[in-house]
Structure formats: C-alpha cells, structure tokens
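Computed over heavy atoms, backbone and side chain alike; hydrogens, waters and symmetry mates excluded. Treat the numbers as computed from the prediction; the structure is a model and nothing was measured. The first residue of the sequence shown is numbered 1, and numbering continues consecutively from there.
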Amino acid sequence: AKLAREGEVEMERKINAAIKRMQEEGVKVFQTQKFIVDDILTMRCPRCRMAFADWDGCNALYCTYAGCGCNFCAFCLKDCGGGVKFGQKEIVRQGGDEVHQHVRECKYAQGIGFGNDGRVQSQVWNQIRKQRVEDCLREKCSTLEERRKVVENLKKQFDALGLQIAVPGGEGACPVVGSASSSSAPDDPSGPDGVRRLPAPP
C-alpha cells in the first residue's frame with residue numbers, strides 16, 4: 001500500500017509539473033516539443049511504435065517485438081508489410097520480399113544500399129529529422145516566437161544529435177546533434193541480425 005501511494009504521489013508530481021510547463025510556455029509550444037521528441041527524434045517501428053536505437057546487418061529491417069514482425073525500411077521507416085503469422089514461431093526473412101525491394105528503390109538509400117555501415121544513422125536520419133522538425137514547427141506553431149521557444153527548449157536534444165535546425169520564418173540555423181536507434185536486421189549476406197531495444201522516453 002505504501003509503494004502504491006508513493007507511485008501515485010510521483011505520478012501526480014509529474015502531471016503537475018507538465019501542467020505547469022504547459023501553462024508557462026503555452027499549449028502549442030508544449031505540444032510541439034512533445035511531438036518532436038516522441039515522434040521525430042525517437043526512431044520507432046512504424047507499426048507497433050517500439051523505440052529502437054540501432055541494428056546489425058541489413059538495412060531492410062524486421063521488428064522483433066512480440067507479435068509485430070513489421071518489415072520496414074531503415075532509411076525512411078516505411079512499413080512494407082510482413083508480420084508474424086498465426087502459428088509462426090519466428091519472422092521469415094527473405095531477400096526478395098517487399099522491404100528489400102523498397103530499400104533498392106528508396107531515395108534515401110541511394111549510394112548506401114543494404115549494408116549498415118553507420119551512414120543511415122549519422123547522415124540519412126538527421127537529414128530526415130531536420131526536414132520533419134522544421135515542417136512540424138511551421139505547421140504546429142503559429143508565431144516565430146513559439147518556434148524559437150521550441151528550438152531553444154530542445155537545444156540539448158538537438159545538440160546531442162548534431163542537428164542544425166533553421167527556425168521557419170527566422171534567419172539562419174540554430175546549432176543542434178545525432179545518434180541512432182535500434183531494431184533488428186534480416187538474414188542477409190550482409191551479416192547477422194541483432195537488436196538492442198531501448199525503452200521509449202517517458
């Protein structure tokens with residue numbers, strides 16, 4: 001009972017802190033920051049939304065989270081179908097399936113291909129993240145002041161990923177930094193698959 005009460009108190013504290021931040025910064029700023037952190041900076045399986053940090057082997061990925069089995073592109077995170085079928089104990093990986101076909105044609109895969117040499121995480125993801133963050137600022141914040149506030153509040157996260165975010169409607173870019181996320185890789189000549197799953201941020 002004591003532990004349950006302590007858990008309730010901690011949850012109430014977090015909720016009150018979130019409400020206070022929202023009141024101080026404005027609803028649009030708060031919601032935009034949350035969306036950027038949860039849905040842009042955090043890389044996730046496009047189907048089950050499990051967060052991941054990196055992978056070994058091929059860039060045609062297969063989510064190993066229980067009951068998912070989504071086949072998706074490591075570059076643009078497109079859901080290419082697939083899944084764990086009823087009665088199946090493990091995901092069936094095939095070099096000619098839809099996800100491999102997509103990776104061959106994905107515009108972000110040009111010059112990189114199937115082999116995971118780190119360029120997806122260090123180059124491609126940040127290119128996509130930068131575009132999505134700036135689009136999000138433009139769509140969710142109605143004033144330049146709100147956009148600048150979001151970028152200022154997330155500077156630590158951007159710096160950690162090596163991102164340079166240009167505030168829409170402002171001048172220049174705000175220096176901001178990059179790491180990758182983790183999922184699984186298929187049985188490909190490129191190497192064994194491995195997953196180091198990370199919990200989604202609170």
Item checked: Leu144: partners by side chain to side chain contact (heavy atoms under 4.5 Å, CB included), with sequence neighbours left out ->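 Partners of Leu144 by the side chain to side chain contact (heavy atoms under 4.5 Å, CB included) criterion, ordered by chain and then number, come out as Arg148, Val167.
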Notebook entry, point to check: Would you call Lys149 and Glu145 a salt bridge, using N to O less than 4.0 angstrom?
Noted result: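 No.
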Notebook entry, point to check: Hey, are Asp135 and Lys140 close enough for a salt bridge, meaning a charged N less than 4.0 Å from a carboxylate O?
Noted result: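 No, this pair does not count.
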Rounded to the nearest 0.5 Å, how far does [atom2] of [Y] lie from [atom1] of [X]?
{"X": "Phe75", "Y": "Leu61", "atom1": "CZ", "atom2": "CG", "value": "9.0 Å"}
{"X": "Leu154", "Y": "Leu41", "atom1": "CG", "atom2": "CG", "value": "7.0 Å"}
{"X": "Gln33", "Y": "Cys136", "atom1": "CD", "atom2": "SG", "value": "10.5 Å"}
{"X": "Leu77", "Y": "Tyr108", "atom1": "CG", "atom2": "OH", "value": "10.5 Å"}
{"X": "Lys28", "Y": "Thr143", "atom1": "NZ", "atom2": "OG1", "value": "7.5 Å"}
{"X": "Cys73", "Y": "Asn59", "atom1": "SG", "atom2": "CG", "value": "7.5 Å"}

Who are the salt bridge (Lys or Arg N to Asp or Glu O under 4.0 Å) partners of [X], not counting sequence neighbours?
{"X": "Lys34", "value": "Asp38"}
{"X": "Arg119", "value": "Asp117"}
{"X": "Glu10", "value": "Arg13"}

Taking the side chain as C-beta and beyond, is there a heavy-atom pair between [X] and [Y] under 4.5 Å?
{"X": "Met50", "Y": "Cys68", "result": "no"}
{"X": "Trp55", "Y": "Val120", "result": "yes"}
{"X": "Asn71", "Y": "His100", "result": "no"}
{"X": "Met43", "Y": "Arg129", "result": "yes"}
{"X": "Cys80", "Y": "Phe72", "result": "no"}

Item checked: Inter- and intrachain pairs under salt bridge (Lys or Arg N to Asp or Glu O under 4.0 Å), touching residues 57-82, at least two apart ->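 Checked against salt bridge (Lys or Arg N to Asp or Glu O under 4.0 Å) - neighbours excluded - the pairs reaching residues 57-82 are Arg47-Asp79.
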Grab the two heavy atoms, one from [X] and one from [Y], that are nearest each other, plus how far apart they are.
{"X": "Val103", "Y": "Gly113", "answer": "CG1-O, 4.1 Å"}
{"X": "Arg138", "Y": "Arg147", "answer": "O-NH2, 3.5 Å"}
{"X": "Lys107", "Y": "Gln110", "answer": "O-CG, 3.4 Å"}

Check: Is a donor on one side and an acceptor on the other found under 3.5 Å between the side chain of Gln131 and the backbone of Gln127?
Finding: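 The answer is no, because no donor-acceptor pair under 3.5 Å joins these two groups.
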Checklist line | Residue from Val151, Leu137, Thr32, Val29 passing side-chain contact (heavy atoms from CB on, under 4.5 Å) with Glu146 | finding: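 Exactly one candidate clears the test, Val29.
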Next item on the list: Evaluate the side chain to side chain contact (heavy atoms under 4.5 Å, CB included) criterion for residues Asn126 and Gln164: first the C-alpha distance (whole Å), next the side-chain angles of each, then the deciding distance (0.1 Å), finally the verdict.
Entry: CA-CA 9 Å; Asn126 272 9; Gln164 294 270 331; over 6 Å; no
Check: Of all residues at least two apart in sequence or in a different chain, which pass the side chain to side chain donor-acceptor pair (under 3.5 Å) check with Arg132?
Finding: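 For Arg132 there are no side chain to side chain donor-acceptor pair (under 3.5 Å) partners, ignoring immediate neighbours.
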Next item on the list: Answer yes or no: are there more than 12 heavy-atom neighbours, outside Glu134 itself, under 6.0 Å from its atom CD?
Entry: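 Counting neighbours around CD of Glu134, more than 12 heavy atoms of other residues, nucleotides or ligands fall under 6.0 Å, so yes.
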